[in-house]
**Q** 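Sharing a structure below in structure tokens format, with a few things to ask.
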Amino acid sequence: VNSRSHCAELCPVGGTVVDARSGAPLARVRVAIAPYQRRSAETTLITGADGRFWFEVPRGTYYLTAVYRGLREVFGHRSLGSGFGSAVIAGPDLDTSHLVFHWHQTGAIGGKVTDDWAEPVEGALVQVLRLFVVGGERQVRTYGWDWTDDLGEYYFGPLPEGTYYLAATGHPWYSRGELPLAPGRTSSESASYAPVYYPNAADPGGAAAVVVKAGGEARADFAMTAIRGAMLRVHVEEGKPPSNSETRRILLTMEGIRGAEAYQSIQSIYR
């Protein structure tokens with residue numbers, strides 16, 4: 001179909017969603033198109049076995065996205081989650097009926113956190129940081145965080161293909177009560193786990209990168225050591241009362257990897 005022949009009133013925007021690595025068409029992908037300045041005004045369809053999609057829209061600039069296996073990607077990305085994608089301009093003398101929407105497969109990172117006795121640590125805070133290149137300079141930024149389950153396990157996914165670093169912190173289950181005091185110690189002391197950077201480095205400078213490949217799953221385990229720490233109490237003064245749906249967080253940060261902040265603790269305050 002020639003997009004130049006039907007653009008007096010409506011212009012075709014069509015193409016195929018394909019796997020970025022294999023080039024194979026992808027079925028059951030939800031493709032959406034919306035005016036670039038009104039992205040909530042979406043028109044959607046589901047691709048068939050041939051991966052094809054087809055819309056007819058007034059001339060203008062459009063935002064084209066696809067959702068596959070619960071993950072959204074924007075048309076024109078060179079890799080998942082990179083940049084802002086490319087706008088689709090529909091109009092006379094513009095061929096927008098042969099677009100190729102490259103879908104980038106994702107990866108994941110999973111692992112287990114154990115203590116001095118090789119027992120699982122429940123509720124440990126695991127932080128994942130991603131390496132970006134901005135203006136030719138390497139930067140590390142927090143990508144997400146999660147808490148381990150009752151088996152001491154955590155899982156981050158789906159993740160874009162790339163380079164990541166991980167850190168883990170937490171406190172033993174018995175630290176909810178204070179430890180017996182040693183001479184010269186104050187009642188503000190409690191048990192904690194020393195921060196650890198994968199692969200079990202005590203210093204952020206010893207952190208090693210975890211490379212996530214498209215379609216692959218990397219593993220990063222942690223072994224934590226209990227130490228005597230301190231209890232920090234924070235008083236939050238109320239200003240404007242939060243709405244019923246509002247959640248406030250208190251972040252306790254520490255030195256992180258390549259200058260990025262790492263979290264020692266994340267506490268939520270509900271009202």
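These figures come from a predicted structure and were not determined experimentally.
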**Q** I'd like to know whether Tyr197 forms a side-chain contact (heavy atoms from CB on, under 4.5 Å) with Asp203, so could you lay out the CA-CA distance, the side-chain angles of the two residues, the decisive distance to 0.1 Å, and finally the verdict.
**A** CA-CA 7 Å; Tyr197 304 87; Asp203 185 273; 5.8 Å; no
**Q** Is any side-chain heavy atom of Tyr63 closer than 4.5 Å to a side-chain heavy atom of Val88?
**A** no
**Q** Is any side-chain heavy atom of Leu64 closer than 4.5 Å to one of Phe55?
**A** yes
**Q** Going by side-chain heavy atoms closer than 4.5 Å, which hydrophobic residues are tied to Val100, directly or by a chain of links?
**A** Val18
**Q** Would you tabulate the side-chain donor-acceptor contacts of residues 205-225 under 3.5 Å, counting partners in other chains and residues two or more places apart, or write 'none'?
**A**
{"residue": "Arg219", "atom": "NE", "partner": "Asp221", "partner atom": "OD1", "Å": "3.2"}
{"residue": "Arg219", "atom": "NE", "partner": "Asp221", "partner atom": "OD2", "Å": "3.2"}
{"residue": "Arg219", "atom": "NH2", "partner": "Asp221", "partner atom": "OD1", "Å": "3.3"}
{"residue": "Asp221", "atom": "OD1", "partner": "Lys112", "partner atom": "N", "Å": "2.8"}

**Q** Nearest 0.5 Å, please: how far is CZ in Phe156 from OH in Tyr164?
**A** 11.0 Å
**Q** To the nearest 0.5 angstrom, please state how far the CG atom of Leu151 sits from the OG1 atom of Thr114.
**A** 12.5 Å
**Q** Carefully, step by step, assess Asp50 and Thr16 under the rule side-chain contact (heavy atoms from CB on, under 4.5 Å).
**A** CA-CA 8 Å; Asp50 59 0; Thr16 308; over 6 Å; no
**Q** If I compare all heavy atoms of Tyr193 with all of Pro172, which pair ends up nearest, and what's the gap?
**A** CE1-N, 3.5 Å
**Q** Are the side chains of Leu26 and Thr47 in contact, using a 4.5 Å heavy-atom criterion?
**A** no
**Q** Using only atom types and a distance under 3.5 Å, with no angle test, would you say the side chain of Asp146 pairs donor to acceptor with the backbone of Tyr154?
**A** no
**Q** What I'd like to find out is whether the side chain of Arg138 reaches to under 4.5 Å of the side chain of Leu131, using heavy atoms alone.
**A** yes
**Q** Please identify each residue that fulfils side chain to side chain donor-acceptor pair (under 3.5 Å) with Arg21, with sequence neighbours left out.
**A** Glu161
**Q** Taking the ring of Phe101 and the ring of Phe75, is the distance between their centroids below 6.0 Å?
**A** yes
**Q** Is any side-chain heavy atom of Asp115 closer than 4.5 Å to a side-chain heavy atom of Val121?
**A** yes
**Q** Kindly confirm or rule out a cation-pi arrangement of Arg130 over Phe132, judged by NZ or CZ under 6.0 Å from the six-membered ring centre and within 45° of its axis?
**A** yes
**Q** Stepwise, does the side-chain contact (heavy atoms from CB on, under 4.5 Å) test hold for Val128 with Tyr165?
**A** CA-CA 6 Å; Val128 60; Tyr165 295 89; over 6 Å; no
**Q** Find out whether Leu166 and Leu129 are in side-chain contact, i.e. whether some heavy atom of one side chain is under 4.5 Å from a heavy atom of the other.
**A** no
**Q** Test Leu45 against every option in Ile33, Val29, Val31 by the side-chain contact (heavy atoms from CB on, under 4.5 Å) rule and name the one that passes.
**A** Val31
**Q** Among residues at least two apart in sequence or on other chains, which ones pass ring pair (Phe, Tyr, Trp, His ring centres under 6.0 Å) with Tyr198?
**A** none
**Q** Has Thr148 got a side-chain atom pairing as donor or acceptor with Ala124's backbone, closer than 3.5 angstrom?
**A** yes
**Q** Does Arg30 pair with Glu73 as a salt bridge, N-O distance under 4.0 Å?
**A** no
**Q** Which ILVMFWY residues can you reach from Tyr155 by hopping between side chains whose heavy atoms are under 4.5 Å apart?
**A** none
**Q** Among all residues two or more places apart in sequence or in another chain, which pass the ring pair (Phe, Tyr, Trp, His ring centres under 6.0 Å) test with Tyr68?
**A** Trp103
**Q** Closest heavy-atom contact between Ala87 and Thr61?
**A** CB-CG2, 3.6 Å
**Q** Are side-chain heavy atoms of Glu9 and Pro58 found at a separation under 4.5 Å?
**A** no
**Q** Look up atom CH2 in Trp145 and atom OG1 in Thr169, then write down how far apart they are to the nearest 0.5 Å.
**A** 12.0 Å
**Q** Rounded to the nearest 0.5 Å, what separation is found between the OH atom of Tyr62 and the CD atom of Glu42?
**A** 13.5 Å
**Q** Using the six-membered ring of Tyr36, assess whether NZ or CZ of Arg39 lies under 6.0 Å from its centre and within 45 degrees of the ring axis.
**A** yes
**Q** What is the distance from atom CG of Leu99 to atom OG of Ser86, rounded to the nearest 0.5 Å?
**A** 10.5 Å
**Q** I need the minimum non-hydrogen distance between Gly14 and Trp54, along with the two atoms involved.
**A** CA-CE3, 3.9 Å
**Q** Asp19 versus His104: any side-chain heavy-atom pair under 4.5 Å?
**A** no
**Q** Kindly give the heavy-atom pair with the smallest separation between Gly157 and Ala108, and that separation in Å.
**A** CA-CB, 4.2 Å
**Q** When you check the side-chain N and O atoms of Thr142 and Gln127, is any donor under 3.5 Å from an acceptor?
**A** yes
**Q** Could you measure the distance from the CH2 atom of Trp147 to the CG atom of Leu125? Nearest 0.5 Å is fine.
**A** 6.0 Å
